[in-house]
Amino acid sequence: MDNTVKQTEHRFKGIPASQGIAIGNAFVLRTEAFVFSNEHIEPERIPEEITRFHTALESSAAELQQIIAIAEKEASHVAPILETYLLILTDETASDSIRRRIQRGFYSAESAVMQEFDAQKQFFTLAKDPILRERAVELDHVRDRLLNGLRNRSVSHAEAENSIIVAPSITPTDLMMFNQVGALAFVTEVGGIASHASILARSFSIPAVIGVRNIAQTIHSDDLIIIDGNAGLIIINPKPETLAKYQKRKLDTEENKRKLGKLVTEKSETLDKHSVHLLANIDSIEDVAAAQDVGAEGIGLIRSEYLIIQRQHFPTEEEQLDWYNEIAERMYPCHVTIRAFDVGSDKYAEGLPHEDNPALGVRGIRFLLHRKDIFKLQIKAVLCASKYRNVRLMLPMIATVDELLETKEFIEKCKASLRKSKIPFDERMPLGMMIETPAAALMALNFAPHADFFSIGTNDLTQYTLAADRTNEYVADIFDPFHPAVLRLMKTAIDAAKAFHIPVGICGEIAGHAAATELLIGLGVDELSVSPPLLLELKKRIRKSEFLKAQTLATMALRANSGSEVRKILANRKKK
């Protein structure tokens, strides 16, 4: 008779801290909580307690130095993170304070350590900034290392070989050592995407999901689990069909990486070392994984109006925040650019007047300033999602400086409302604007002092410049983003951005056009944002280009008389 209990599949959602998929058995690390009262000691025990403290301090520092030495050989970019722990641990002011607590308060070494670190932690715990609050967790890690030293306790890393680590929290040093023995992934109950452990997991390309309440009590060692670091998902005891699905997905990802080779991690720079940042345009949360798979340095355009189209109503603040948050968390620490709702009656009719020519009507920023009730919800949701400081807001269809200034004033009112409610957000969240009208390009020098970045939308800029509807087949031969008039407007905007030292990118279709790469580099753009499938081919072309030659090419194109002449110039350059 089979006494095996049939296991039920369970799913838990956390924060995606490091992308990737892992399948394996759990290794549950249940750290014992340190509970110390303010334990007083007899005066004669003071020298002994001070000696115990120094011994624990020295052994902990020596262990950290060994781990730093490993990091310097195998992952030099990680060493500075670990060195911050060593600085905290060996801080003379803190050590002196602990000794005084032992001597004057007649406290045990453990009690003195607990008191000192709790006092230091108070400032960070109460901070509004989530990144500062993460520093409180780092202090806990250093404190626990000292307490483990005092109690002669250590973690057995070797037992976790080829396992998925599940723990209440994990220190960067433990993560380093678990990585050494081949741990497959990490799951923790606490931690933030800005924590050092999360940063290290991403550096080592180890899938990680964090912030899953009580998961160390829910999962048992040797449970079969799946970690989806892209979606922040943990699946315990997966069904056969779930397991097969994730095994295939994992193999597909590995095969894709193998095909792409080193290009994903190679720098996006020309042969003469001029850098061009490569970003991704996305429409959904699912697109984030595709962007990460090709090594996108961030998201250059999130078309937020897709939320409206999908739901067939204007989403609530909560619905928007969930969406923006998940994208920002998955992409952290890379920045994400959320374009404010770019709707007109051609895209969505509710609340909009009927217009015979919606492309020239109430759309983009015009609609948002007309419907500030809708705009307010979006601004507040974007601000709330900005708490980790990797979110940018971009304004569509700007034509006048007054529109930009009115929007900035309105955003300040939304910030004041959040401050009043004590809701954290990035006080310096970058605010940029689309250059997609000839007016915006021609007035770029006037816009630049009030914007943190420009993004050129070449699709609309082309149709407005050439008075040719890009969806009208009868004028398809006139709609040409290579037309010198369009290129000159782009160059005007790029030069204005350079004059005010703000980044300028292109998110229109020309950014991914094979013939345009060298031309765009030569015009001086800082960023190119394309759909994920186009990104690696674009990187390949950038890496074969030379900036100085590209500048000469751009100068020739700007002097041309027509789009066809520009194309001939580009074609002739390609033949050489």
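Residues take their numbers from the sequence shown, with the count starting at 1. Keep in mind that the numbers below use all heavy atoms, side chains included, and drop hydrogens, waters and symmetry copies.
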Flag, side chain of Ser268 to backbone of Lys539, donor-acceptor distance under 3.5 Å: no
Interatomic spacing from CD in Glu269 to OG in Ser545 - rounded to 0.5 Å: 12.0 Å
Audit row: Glu527, Val276, side chain to side chain contact (heavy atoms under 4.5 Å, CB included) steps and yes/no: CA-CA 6 Å; Glu527 302 173 351; Val276 180; over 6 Å; no
Nearest atoms (heavy-atom pairs only) where Val209 meets Asp228: CG2-O, 3.9 Å
Non-hydrogen side-chain atoms of Cys334 and Glu297 separated by less than 4.5 Å: no
Non-hydrogen side-chain atoms of Phe186 and Ile210 separated by less than 4.5 Å: no
Parallel, tilted or perpendicular: ring planes of Tyr332 versus Tyr388, cut at 30 and 60 degrees: perpendicular
Presence of salt bridge, Asp373 and Arg371, under 4.0 angstrom: yes
Pairing of Lys372 and Glu406 as salt bridge, 4.0 angstrom limit: yes
Side-chain donor/acceptor of Ser417 to backbone N/O of Lys413, under 3.5 Å: no
From CA spacing to verdict: salt bridge (charged side-chain N to carboxylate O under 4.0 Å, His left out), Lys408, Glu412: CA-CA 6 Å; Lys408 290 186 75 171; Glu412 285 305 314; over 6 Å; no
Ile542 side, atom CD1; Leu271 side, atom CG - distance, nearest 0.5 Å: 11.5 Å
Leu466 and His483, any side-chain heavy atoms less than 4.5 Å apart: yes
Glu436 side chain to Met397 backbone, donor-acceptor under 3.5 Å: yes
Residues Thr337 and Arg392: side-chain donor-acceptor under 3.5 angstrom: yes
Whether Phe482 and His513 hold their rings parallel, tilted or perpendicular, with breakpoints at 30° and 60°: perpendicular
Minimal non-hydrogen separation, Phe453 against Met394, with atom names: CE1-SD, 3.8 Å
Residues Arg541, Glu518: salt bridge by 4.0 Å N-O rule: no
Over 12 foreign heavy atoms within 6.0 Å of CD, Glu509: no
Minimum heavy-atom distance Ile502-Ala451, with the two atoms named: CG2-O, 3.6 Å
Lys380 side chain vs Cys414 backbone, donor-acceptor pair below 3.5 Å: no
Where Met434 and Cys507 come nearest, the two heavy atoms and their spacing: CE-SG, 3.8 Å
Qualifying residue, where the test is side-chain contact (heavy atoms from CB on, under 4.5 Å) with Arg330 and the options are Val288, Ile299, Val336: Val288
Check: Pro315 main-chain N/O paired with Gln320 side-chain donor or acceptor under 3.5 Å: yes
Donor-acceptor side-chain pairing of Thr270 and Asp272 below 3.5 angstrom: yes
Value rounded to 0.5 Å, distance of CG in Leu368 from CZ in Phe375: 5.0 Å
Glu72 and Glu83: CA distance, side-chain angles, deciding distance, side chain to side chain contact (heavy atoms under 4.5 Å, CB included) verdict: CA-CA 11 Å; Glu72 285 172 342; Glu83 284 167 357; 3.6 Å; yes
Expected output: side-chain Lys498 to main-chain Gly524 donor-acceptor under 3.5 Å: yes
Any donor-acceptor N or O pair under 3.5 Å, side chains Gln378, Tyr324: yes
Cationic N near anionic O, under 4.0 Å, Arg428 to Asp452: no
Residues Arg389, Asp426: salt bridge by 4.0 Å N-O rule: no
Quiz item: cation-pi between Lys376 and Phe410, 6.0 Å / 45°: no
Reported CZ-to-CZ distance for the pair Arg559 and Arg488, which is rounded to 0.5 angstrom: 10.5 Å
Working for side chain to side chain contact (heavy atoms under 4.5 Å, CB included), residues Leu321 and Thr316: CA-CA 9 Å; Leu321 178 56; Thr316 64; over 6 Å; no
Atom pair CD1/OG of Ile338 and Ser386 - distance to nearest 0.5 Å: 8.5 Å
Any Leu534 side-chain heavy atom under 4.5 Å of Leu538 side chain: no
Thr437 side chain to Ile398 backbone, donor-acceptor under 3.5 Å: yes
Glu565 vs Pro484 side-chain heavy atoms within contact, under 4.5 Å: no
Student check: side-chain heavy atoms of Glu319 and His313 closer than 4.5 Å: yes
Exam field: side chain Glu403 to backbone Ala399, donor-acceptor pair closer than 3.5 Å: yes
Basic-acidic side-chain contact under 4.0 Å: Lys13, Glu326: yes
Atom pair CG (Asp480) and OG1 (Thr465), whose distance is rounded to the nearest 0.5 Å: 11.5 Å
Exam field: side chain Lys415 to backbone Glu427, donor-acceptor pair closer than 3.5 Å: yes
Leu461 side chain reached by Ile456 side chain, heavy atoms, under 4.5 Å: yes
Test side chain to side chain contact (heavy atoms under 4.5 Å, CB included) applied to Arg363 and Asp460, step by step: CA-CA 12 Å; Arg363 61 175 303 168; Asp460 275 336; 4.2 Å; yes
Shortest non-hydrogen contact between Tyr464 and Pro438, atoms and distance: CB-CD, 3.6 Å
Close side-chain approach of Thr458 and Met490, heavy atoms under 4.5 Å: yes
Side-chain donor or acceptor of Asn230 paired with backbone N/O of Gly20 under 3.5 Å: yes
Minimum-distance pair of heavy atoms, taken over all atoms of Leu487 and Ala557: CD1-CB, 4.1 Å
Residues Ser531 and Asn281: side-chain donor-acceptor under 3.5 angstrom: no
